[in-house]
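Residue numbering restarts at 1 for every chain, and letters A, B, ... go by the order of the sequence lines.
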Protein chains: 2
Amino acid sequence: MPEFTGECAKPQRRSIGARRNPATEAAILDAACDLLREKGVHGLTMEAVARRARAGKATLYKWWPNRGALLVAVYERSKGTHQHKDMGNLVDTIAEFYRYVFAFWKTSEGQVFRLIIAEAQSDQDVAEALERYRLERLAALSEAVGWAQARGELREGVEPDALADTIMAAAWLRLLTDRLTTDPHRLARDVVSGWIVEKQ
Amino acid sequence: MPEFTGECAKPQRRSIGARRNPATEAAILDAACDLLREKGVHGLTMEAVARRARAGKATLYKWWPNRGALLVAVYERSKGTHQHKDMGNLVDTIAEFYRYVFAFWKTSEGQVFRLIIAEAQSDQDVAEALERYRLERLAALSEAVGWAQARGELREGVEPDALADTIMAAAWLRLLTDRLTTDPHRLARDVVSGWIVEKQ
DNA sequence: TCCAAACGGAACGATGCGTTTCGTTTTATA
DNA sequence: TATAAAACGAAACGCATCGTTCCGTTTGGA
């Protein structure tokens, strides 16, 4: 029983029969994640992932037909499902959202989201995955805006969907232009306070 | 005088002495632009550009050390310097801005901007060029918002820079999520009308 | 007159791409 | 219990691009 240990002393996995090996999937996604945080986008190649995970390239291409699919899988595994908290008023609620999402985007897992957006600009599959995720988050955000509307906090004629779109746009722009240090509360005020009814 | 004509029947350029040849620069940027609109991002390789322009790769790398630099150069050459028009009220002014920029972004030259943003997420040089351009456009937009403020159109405490940032964010999000068909006037209203003083 | 620099062109080794083939391992089915 | 099917690691394939390095030619400037 000759036991060859690779660079990371990981024993090589084997087939567990005519079904997908969860250990292989985990090892590949781990390797992809590590490469991303160590070498950035250009470090994430199918070759490098296969080497690091001690997996065959054929296995890689079987489950993730291209780099974009792998990128999406990495993000899907690490993304949080943020539950918006109602802070009693819209500005504080949105400020809390910005605080959470900026903090997440600053982590190495969160940084993957930048790359997803970038990749989506030239990869149709990634674009579709991103669009599904965007709509999902937009709905949750719109619901949070709806809480304020139900309280009579908003001016007449404000559509929660449209306002949520604007709120999200401001967050994306900060991510893409490397301004995650923006003060969340200040930003929330700058984006939504115009839609709040004047206090008498 | 044997005259060899390549695939496009373009005569090969030669050195014009110890100085940069403008014809070479133009031919390379033309080739890069053509490749982008014909084959998309992945068609823009240094190899392909050199082939199409009938230029040496060494020449290419001398003036544009990497793909990002070439991308930026293509955009710099084609980008318009939009002059904001004051339409008498802020919503119409911003609607006009959205109309213009969406129309431009729909063109093949404008599509390069998507790629610039994407490339900037993993290329520091591109990111810096993008940041310079963003600040330049933000200043112009902020000035347009200032016109409305000077007219007393805005609510108390509105900062033109912050509002301009939000206006721009909404535009970028539409570009990146493939929603350039958004109605410009409707969008302008959804983004800025909250900051307009109530009419009595 | 001679040097320096730019130019096109060709070649280099290295790396990643996506596919194919092989032998092994294990489950599912007959 | 025998057989087919599928997944796995590993290696190799041809191809493309990368970024660099030569070469010989052309031409302006010192």
Closest nucleotide of DNA chain D for B:Ile16 versus for B:Leu44: which of these residues is on the 5' side?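 Looking at the nearest nucleotide for each, B:Leu44 comes out on the 5' side.
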Proximal nucleotide (of C:dC17, D:dG9, D:dA10) relative to the A:Thr59 side chain: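 Minimum distance to the A:Thr59 side chain belongs to D:dG9.
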Using the side-chain heavy atoms of A:Arg67, tell me which of these nucleotides is nearest: D:dC8, C:dA5, C:dC17.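 Nearest to the side chain of A:Arg67 among the choices is C:dC17.
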Expressed as a whole number of angstroms, how long is the span from [X]:[atom1] to [N]:[atom2]?
X	N	atom1	atom2	result
A:Leu70	C:dC17	CG	P	10 Å
A:Arg52	D:dG9	CZ	P	16 Å
A:Met46	D:dT17	CE	C1'	18 Å
A:Leu60	C:dT20	CG	C1'	16 Å
B:Tyr61	C:dC12	OH	C1'	14 Å
A:Arg20	C:dT25	CZ	C1'	18 Å
A:Arg14	C:dG23	CZ	C1'	12 Å
A:Glu47	D:dG9	CD	P	15 Å

Compute the bend angle of the helix from C:dT1-D:dA30 to C:dA30-D:dT1 from the end axes (five pairs per end), rounded to 10°.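 End-to-end axis angle for the helix from C:dT1-D:dA30 to C:dA30-D:dT1: 10°, rounded to 10°.
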salt_bridge([X], [Y]) N-O dist < 4.0 Å:
X	Y	answer
B:Asp92	B:Arg99	no
B:Asp86	B:Arg151	yes
A:Arg114	A:Glu119	no
A:Arg179	B:Asp165	yes

Contact class for B:Ala58 vs. all strands (heavy atom < 4.0 Å): base, sugar-phosphate, or nothing?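 Here B:Ala58 touches the bases of the nucleic acid.
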Near-ring test A:Phe113/A:Trp172, centroid separation under 6.0 angstrom: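 Centroid distance A:Trp172-A:Phe113: below 6.0 Å, so yes.
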Between [N] and [X], is there an OP1 or OP2 to side-chain N/O distance shorter than 4.0 Å?
X	N	result
A:Arg19	C:dT26	no
B:Arg51	D:dT17	yes
B:Thr24	C:dG8	yes
A:Trp63	D:dA7	no
B:Lys57	D:dG19	no

If each of B:Ala18 and B:Ile28 is mapped to the nucleotide of DNA chain C with the nearest heavy atom, which maps nearer the 5' terminus, i.e. the 5' end?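 Between the two, 5'-proximity favours B:Ala18.
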Residues B:Leu154, B:Val145; criterion side-chain contact (heavy atoms from CB on, under 4.5 Å); working and verdict: CA-CA 9 Å; B:Leu154 300 187; B:Val145 175; 3.9 Å; yes
Identified side-chain contact (heavy atoms from CB on, under 4.5 Å) counterpart of B:Phe102 within the set B:Leu187, B:Leu175, B:Asp183: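 It is B:Leu187; the other options fail the test.
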Tell me if the NZ atom of B:Lys106 is crowded by more than 12 foreign heavy atoms within 6.0 Å.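 Counting other residues, nucleotides and ligands, NZ of B:Lys106 exceeds 12 neighbours.
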